[in-house]
Student: 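I'd like to ask some things about the structure below.
Start at 1 and go down the list; that is how both ligands and their atoms are numbered. Count residues from 1 along the sequence.
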Amino acid sequence: MKIAYNLKSSNERRNNQLKPEKTLPFGQLRTDHMFLMDYNDGEWGNARIVPYSNFSISPGATVLHYAQSIFEGAKAFMHEDGEIYTFRLDKNAKRLNKSAGVLCMPEIPEDIQIKAVHALIDTDRLWFPVQQGASLYIRPFVFGTQDSLGVFPSSFYTFAVVLSPSGPYYPQGFTSPIKLLITKKFHRAVPGGTGHVKASGNYAASLQAGEYAYKNGANQVLYLDHTNTYIDEAGSMNHFHITRNDNVVIPEFTDTVLRSITSESVIELQKRLQLDIVQKRIKVDDFISEIKNGGIKEAGGFGTAAVVSAVGEYLLEDGGKLTVGNGEVGEITKYIYDLYTGIQTGKYEAPEGWLQKVERNI
Ligand SMILES: *Cc1c(COP(=O)(O)O)cnc(C)c1O
């Protein structure tokens with residue numbers, strides 16, 4: 001794949017360089033450029049890096065009406081050697097293709113996706129935020145652009161990548177646990193649906209449950225399966241809990257649970273963490289009685305943005321409240337977070353292939 005470059009002047013780029021003294025928000029800033037590639041006549045082409053700017057899109061584009069759109073979320077880190085490394089981008093590229101299959105969209109070869117992200121990061125490397133806990137958040141996405149009001153897969157697509165220089169997800173540190181509202185009223189996904197892939201429409205469908213959680217004093221909902229029997233996951237992160245015997249339990253990856261790369265990576269690290277991590281279906285009634293009995297020490301969520309979120313309290317729809325442990329961030333949760341972020345930032349040795357250096361002048 002040849003990439004065409006249409007860049008802003010280097011002066012402009014330098015002037016926009018981030019001020020390290022400010023703590024950056026997560027996910028709000030953008031870099032100067034974006035990567036674009038189009039799907040026409042059955043093939044991907046016209047790969048280019050251009051200034052970050054608005055798209056021109058047909059009012060009849062399928063993405064606007066029927067949400068034929070998928071996305072990924074990954075991160076890159078600067079190590080002590082001053083080089084930028086992407087973290088497990090091959091996993092994101094694989095998952096984007098899995099999502100593409102489910103949404104009847106064309107796949108993009110993994111090596112092309114990875115090259116696109118690396119070339120964009122290299123172009124905008126001056127945007128890497130130099131501050132504690134910072135990362136470059138990577139957002140690849142694909143959407144249907146055909147002007148058609150009929151409901152069928154688009155013949156035309158755009159693959160885009162944008163970058164967001166980000167501060168730590170929890171700027172005050174890993175101190176305040178979140179609250180989850182266990183809901184039987186809303187469901188994120190159904191068997192045979194799109195819940196196991198990163199389809200944009202899943203998020204549109206989750207907004208009302210999010211509002212409902214805020215109104216009831218929680219940060220997010222914890223979704224159950226459609227029979228209201230088993231724990232599925234939270235709106236944007238997998239769920240986990242830690243038992244009295246230090247077993248970490250993650251709900252099984254059914255077709256209503258997103259296969260989180262963070263969960264998979266934590267499972268791969270279990271030997272190094274000296275923890276037993278199991279995946280199984282978890283009955284919500286058992287979970288609730290275990291919290292009441294003190295059988296659950298810690299709980300939380302796994303996902304790229306926050307890496308690990310600690311849950312301090314569960315709210316029930318009958319008005320009940322359950323505190324996990326002493327309501328603080330637990331020791332094992334902290335330990336998982338420290339090892340994981342230490343691997344990402346080069347403080348600890350990474351398993352083979354997890355980090356890939358962004359070369360210069362790709
Ligand atoms: C993206 C996402 C996650 C987290 O996945 P990671 O690969 O760890 O970032 C969890 N649940 C849902 C619904 C998601 O969309």
Side-chain angles (χ1 to χ4, degrees), residues 26-27 67 69-77 86-100 102-103 110 113-114 117 135-142 164 166 168-170 178 180 183 186-191 193-210 213 219-226 230-241 248 250-269 277 279 282 299-311 333 336-337 339-341 343-344 354:
F26 189 89
S69 180
I70 55 176
F71 68 98
E72 273 303 321
K75 277 179 176 173
F77 300 88
T86 53
F87 182 75
R88 307 209 80 177
L89 203 51
D90 54 325
K91 302 275 283 181
N92 293 96
K94 258 198 195 83
R95 192 170 64 189
L96 188 79
N97 282 339
K98 195 171 149 207
S99 302
V102 171
L103 276 274
E110 284 168 38
Q113 291 187 49
I114 291 168
V117 171
S135 64
L136 203 51
Y137 183 75
I138 304 161
R139 170 52 60 90
F141 54 110
V142 189
S164 178
S166 294
Y169 194 82
Y170 293 113
I178 60 167
L180 290 183
T183 183
F186 293 100
H187 295 94
R188 196 188 73 89
V190 291
T194 58
H196 60 300
V197 296
K198 274 186 119 65
S200 305
N202 293 344
Y203 279 77
S206 77
L207 295 174
Q208 55 169 348
N219 302 77
Q220 280 188 42
V221 295
L222 178 61
Y223 287 106
L224 307 178
D225 79 313
H226 72 291
Y230 299 101
I231 293 177
D232 265 0
E233 64 172 321
S236 57
M237 59 190 193
N238 280 178
H239 187 259
F240 72 88
H241 70 264
V248 182
I250 302 172
E252 203 175 285
F253 289 147
T254 61
D255 69 351
T256 54
V257 175
L258 196 279
R259 203 172 262 267
S260 153
I261 294 167
T262 314
S263 295
E264 289 184 326
S265 301
V266 170
I267 293 166
E268 285 177 55
L269 289 172
I277 307 184
Q279 281 193 285
I282 301 154
F302 291 132
T304 294
V307 179
V308 182
S309 293
V311 176
T333 301
I336 295 171
Y337 178 82
L339 179 73
Y340 203 87
T341 53
I343 287 173
Q344 290 178 318
W354 280 26

Student: Is it the case that the side chains of Asp225 and Thr256 hold a donor-acceptor pair, with the cut-off being a distance below 3.5 Å and no angle test?
Tutor: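 Result is no, nothing qualifies.
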Student: For Ser166, what residues pass the side chain to side chain contact (heavy atoms under 4.5 Å, CB included) criterion, not counting sequence neighbours?
Tutor: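 Ser166: side chain to side chain contact (heavy atoms under 4.5 Å, CB included) contacts with Phe26, Ser135, Tyr137, Ser164.
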Student: Got a salt bridge between Glu268 and Arg88, using NZ or NE/NH1/NH2 to carboxylate O under 4.0 Å?
Tutor: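 A salt bridge is present here (some side-chain N lies under 4.0 Å from a carboxylate O).
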Student: Taking it one step at a time, do Tyr230 and Ile282 satisfy side-chain contact (heavy atoms from CB on, under 4.5 Å)?
Tutor: CA-CA 5 Å; Tyr230 299 101; Ile282 301 154; 5.8 Å; no
Student: Tell me every residue that passes side chain to side chain contact (heavy atoms under 4.5 Å, CB included) with His187, counting only those two or more places apart in sequence or in another chain.
Tutor: Asn228
Student: Which residues pass the side chain to side chain contact (heavy atoms under 4.5 Å, CB included) test with Thr183, not counting sequence neighbours?
Tutor: Lys185, Phe186, Tyr212, Val221, Tyr223, Glu317
Student: Please tabulate, one line per pair, the protein N or O atoms found under 3.5 Å from any N or O atom of ligand 1, giving the distance to one decimal.
Tutor:
residue  : atom   : partner : partner atom : Å
ligand 1 : 7 (O)  : Arg95   : NH1          : 2.8
ligand 1 : 7 (O)  : Arg95   : NH2          : 3.1
ligand 1 : 7 (O)  : Ile261  : N            : 2.8
ligand 1 : 8 (O)  : Ser260  : OG           : 2.6
ligand 1 : 8 (O)  : Ile261  : N            : 3.4
ligand 1 : 8 (O)  : Thr262  : N            : 3.0
ligand 1 : 8 (O)  : Thr262  : OG1          : 2.6
ligand 1 : 9 (O)  : Thr304  : N            : 2.9
ligand 1 : 9 (O)  : Thr304  : OG1          : 2.6
ligand 1 : 11 (N) : Glu233  : OE1          : 2.6
ligand 1 : 15 (O) : Lys198  : NZ           : 2.7
ligand 1 : 15 (O) : Tyr203  : OH           : 2.4

